[in-house]
Student: 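Once you've had a glance at the structure underneath, I'll fire off some questions.
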Amino acid sequence: MIDIQRIRNNKDEVIELLSRKNVPSEIIEKAFALDEDWRSKTTEVEQLKARKNALSKEIGKLKRENKDASEVLAEIEKISHSIEEIEVLAQEKEAELKNLLLIIPNTPNIDVPVGKDETYNREEKKWGEIPSFDFEPKSHDELGEQLGIFDFQRAAKISGARFVVCKKMGAALERALINFMIDVHTKENGYIEVLPPYLVKAAALYGTGNLPKFEADLFKVDGGEFYLIPTAEVPVTNLHRDEILSEEDLPISYCAFTPCFRSEAGSYGKDTKGMIRQHQFHKVELVKFAHPDNSYNELEKLTRDAERILEYLNLPYRRVTLSTGDMSFSSAKTYDLEVWLPSQSLYREISSCSNFEDFQARRAQIRFKPKVGGKTRFVHTLNGSGLAVGRTVVAILENYQRKDGSVVIPEVLRKYLNGAEIIEPN
RNA sequence: GGAGAGAUGGCCGAGUGGUCGAAGGCGCCUGACUCGAAAUCAGGUUUGCGGGUAACCGCAACGGGGGUUCGAAUCCCUCUCUCUCCGCCA
């Protein structure tokens with residue numbers, strides 16, 4: 001949530017920054033006006049309440065002295081009526097303002113390239129050598145079906161479109177990747193492993209910014225108050241909701257493996273074949289609670305931690321900074337990591353690493369108390385995929401394929417697969 | 001699913017209608033003592049919002065929401081969570 005004080009004190013700056021995210025200025029002007037209105041009514045109510053409190057105390061005193069209080073009671077009754085009237089108005093304004101603030105996106109960092117869509121994303125680096133094949137490289141779904149490790153047809157029978165059944169080395173490879181990623185992040189990068197719930201309440205989704213605006217992207221459990229998580233970001237960021245952390249504990253870094261569930265509403269016709277876009281997929285997620293003075297440094301580190309997984313797997317990738325028009329609602333700055341897919345001859349997103357600054361922390365009330373200076377401050381939250389497991393399988397199959405349709409297993413994964421070196425058709 | 005108990009400040013824990021934003025303890029901060037530290041002694045130490053250059057003033061908050069009352073941590077309703085017992089269950 002954007003800080004209303006920023007709108008109050010630097011309205012024009014906020015309008016300018018949010019125009020980069022295609023937010024019309026009228027929305028900010030509306031929030032500004034609601035805030036002014038709310039404040040004047042609140043001030044009025046509070047003055048009346050102060051008078052009422054004073055009179056109430058007087059009654060206590062009069063009663064103790066066994067004196068008559070009817071005159072004071074009469075005045076209180078009059079004040080109470082006024083309070084009721086104005087308070088309703090103040091509460092209406094407050095609710096309206098709050099609802100409006102909940103749908104205003106985060107302001108982009110000044111460094112983020114300005115543009116209306118992904119064509120304005122800025123490439124930051126490229127890593128690895130794009131493999132050259134002396135044959136036509138196959139797509140992962142073709143390879144997977146030939147190898148007998150993916151079964152899209154039966155998945156459709158069971159659950160419909162956008163699901164897959166992984167079998168044999170397909171299933172084992174997912175499991176190996178999950179363990180490999182978690183091992184690297186916990187042992188080499190200092191993340192604390194957590195295994196959170198996959199069903200969450202609405203409040204958790206408000207905290208991260210998925211609600212109220214993006215309900216259509218989520219699966220809601222019928223009849224219950226639960227939602228299936230779209231990413232581990234939701235439960236893990238909410239670990240510290242309504243908490244005051246110790247400054248010396250920052251940054252706190254978590255790593256979580258979870259399935260992710262997405263309705264993919266509005267993506268009809270996109271990536272219909274294969275494992276790229278599924279209703280259910282696995283992800284190892286990195287989440288940090290950082291000191292606000294150091295969060296951009298932590299974003300660089302977190303992104304490097306994700307990149308290192310790709311490097312261990314020797315998968316060619318590039319890093320791009322998402323433009324203001326392509327980044328998400330809650331983010332102030334996002335790096336996407338895109339892995340090379342030979343069958344499509346392009347880079348596809350495999351990780352998204354963001355600094356949300358205090359946007360989520362303000363929604364979820366995650367704060368810390370500075371050692372000196374007293375006043376509690378909001379932490380900065382960050383997260384990134386480290387990595388999306390299904391898409392990593394896709395990238396491995398496509399980049400490590402051989403002419404005969406077999407696939408070489410990346411060296412770092414072999415110890416997780418009983419030493420297997422190659423996936424072969426059987 | 002049934003029966004009961006509970007939720008108070010960073011932590012522990014008192015408080016059953018007004019003088020309670022809240023005793024006491026722990027922790028933390030400042031000062032004294034000390035070469036220094038520990039111990040001891042004295043003082044201080046909640047948060048959010050609004051107003052004010054500031055000192056400061058006001059409003060709100062004792063799990064969440066609602067109610068009774070001139071006045072609620074305290075009484076009533078409701079929700080959430082925790083614990084105990086019974087049932088069921090991987």
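So you know, we letter chains A, B, ... as the sequences are listed, proteins then strands, and number each from 1.
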Student: Let's test this: given Watson-Crick or G-U wobble pairing with both distances under 3.5 Å, identify the partner of B:A7.
Tutor: B:U80
Student: Could you give the CD-to-P distance, from A:E44 to B:G50, as a whole number of Å?
Tutor: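 So the two atoms are 17 Å apart, to the nearest Å.
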Student: Across all strands shown, which nucleotide pairs with B:U34 by Watson-Crick or G-U wobble geometry, both distances under 3.5 Å?
Tutor: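 Pairing partner, where one exists within any strand: none, as none qualifies.
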Student: Please check this pair: side chain of A:S263 against backbone of A:D217, looking for a donor-acceptor N/O pair closer than 3.5 Å.
Tutor: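 Checked: pair present.
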Student: If you only use heavy atoms from C-beta on, which nucleotide in B:G58, B:G48, B:C70 is closest to the side chain of A:I76?
Tutor: B:C70
Student: Return the nucleotide paired to B:U46: Watson-Crick means purine N1 to pyrimidine N3 with N6-O4 or O6-N4, wobble means G-U with N1-O2 and O6-N3, both under 3.5 Å.
Tutor: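 Partner of B:U46: B:A61.
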Student: Return the nearest nucleotide to the side chain of A:W38; candidates are B:U80, B:C49, B:C59.
Tutor: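 From the listed options, B:C49 comes nearest.
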Student: Which nucleotide, in any strand shown, forms a Watson-Crick or G-U wobble pair with B:C85, with both distances under 3.5 Å?
Tutor: B:G2
Student: Look through every strand shown and name the nucleotide pairing with B:A73 as Watson-Crick or G-U wobble, where both distances are under 3.5 Å.
Tutor: none
Student: To the nearest Å, give me how far apart OH (A:Y206) and P (B:G64) are.
Tutor: 20 Å
Student: Ignoring hydrogens and geometry beyond distance, is a side-chain donor-acceptor pair present between A:E264 and A:H279 at under 3.5 Å?
Tutor: no
Student: Determine the interatomic distance between P on B:A55 and the same-named atom on B:G63; round to the nearest Å.
Tutor: 32 Å
Student: Can A:M275 and A:R391 be said to form a side chain to side chain contact (heavy atoms under 4.5 Å, CB included), step by step?
Tutor: CA-CA 7 Å; A:M275 278 189 27; A:R391 288 190 179 182; over 6 Å; no
Student: Select from A:K49 and A:K57 the residue whose nearest nucleotide in RNA chain B is closer to the 5' end of that strand.
Tutor: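 Going by which nucleotide is closer to the 5' end, it is A:K57.
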Student: Over how many whole Å does the gap from A:Q365 atom CD to B:G64 atom P extend?
Tutor: 14 Å
Student: Need one value for A:T43: base, sugar-phosphate or nothing, where a base atom within 4.0 Å counts as base even if backbone is also close, heavy atoms only.
Tutor: sugar-phosphate
Student: Counting side-chain heavy atoms from CB outward, which of B:G48, B:A60, B:C70 is closest to A:R367?
Tutor: B:G48
Student: In whole Å, I'd like the distance from the CD1 atom of A:I4 to the P atom of B:G48.
Tutor: 17 Å
Student: Roughly how many Å apart are B:C59 and B:G4, using the P atom of each and rounding to a whole number?
Tutor: 41 Å
Student: Quick one: which of B:U47, B:G18, B:A60 gets closest to the side chain of A:N53?
Tutor: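 For the A:N53 side chain, the nearest candidate turns out to be B:A60.
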Student: Between B:G15 and B:C70, how far is it from one P atom to the other, in whole Å?
Tutor: 29 Å
Student: Look through every strand shown and name the nucleotide pairing with B:G24 as Watson-Crick or G-U wobble, where both distances are under 3.5 Å.
Tutor: B:C12
Student: Find the distance A:E58:CD to B:U19:P and express it as a whole number of Å.
Tutor: 15 Å
Student: Looking for any heavy atom pair under 4.0 Å, which part of the strands does A:R51 touch: base, sugar-phosphate only, or nothing?
Tutor: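 Nothing, no heavy atom under 4.0 Å.
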Student: Could you check if a side-chain atom of A:M169 sits within less than 4.5 angstrom of a side-chain atom of A:I409, using non-hydrogen atoms only?
Tutor: yes
Student: To the nearest Å, how far apart are A:L245 CG and B:C11 P?
Tutor: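 My rounded result for the distance is 13 Å.
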Student: Name the nucleic acid region contacted by A:K52, choosing base, sugar-phosphate or nothing; use a 4.0 angstrom heavy-atom cut-off, strictly under.
Tutor: sugar-phosphate
Student: Between B:A5 and B:U78, how far is it from one P atom to the other, in whole Å?
Tutor: 14 Å
Student: Assign each of A:G60 and A:V45 to its nearest nucleotide of RNA chain B by heavy atoms, then name whichever residue's nucleotide is nearer the 5' end.
Tutor: A:G60
Student: If we count only N and O atoms by modelled type, under 3.5 Å, do the side chains of A:N189 and A:R308 hold a donor and an acceptor together?
Tutor: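 Yes, because at least one side-chain N or O of A:N189 sits under 3.5 Å from a partner of the opposite role on A:R308.
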Student: Find the distance A:E94:CD to B:G50:P and express it as a whole number of Å.
Tutor: 10 Å
Student: In this structure, which one of A:N106, A:L322, A:D111 forms a side-chain contact (heavy atoms from CB on, under 4.5 Å) with A:K333?
Tutor: A:D111
Student: Give me the distance, rounded to whole Å, that separates B:U34 from B:C41 when you measure between the C1' atoms they each carry.
Tutor: 14 Å
Student: Taking the minimum atom-to-atom distance to the side chain of A:I59, which one of B:C70, B:G50, B:G48 wins?
Tutor: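 Among B:C70, B:G50, B:G48, the one nearest the side chain of A:I59 is B:C70.
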Student: Could you give the distance separating B:U82 and B:U30 at their C1' atoms, to the nearest angstrom?
Tutor: 39 Å
Student: The test is side chain to side chain contact (heavy atoms under 4.5 Å, CB included); show your working for A:F214 and A:F329 and say whether it passes.
Tutor: CA-CA 10 Å; A:F214 305 100; A:F329 177 78; 3.5 Å; yes
Student: Taking the same atom, P, in B:U45 and in B:G24, what whole-Å distance lies between them?
Tutor: 12 Å
Student: May I ask you to verify whether the side chain of A:E46 and the base of B:G58 hold a donor-acceptor pair under 3.5 Å?
Tutor: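 Yes.
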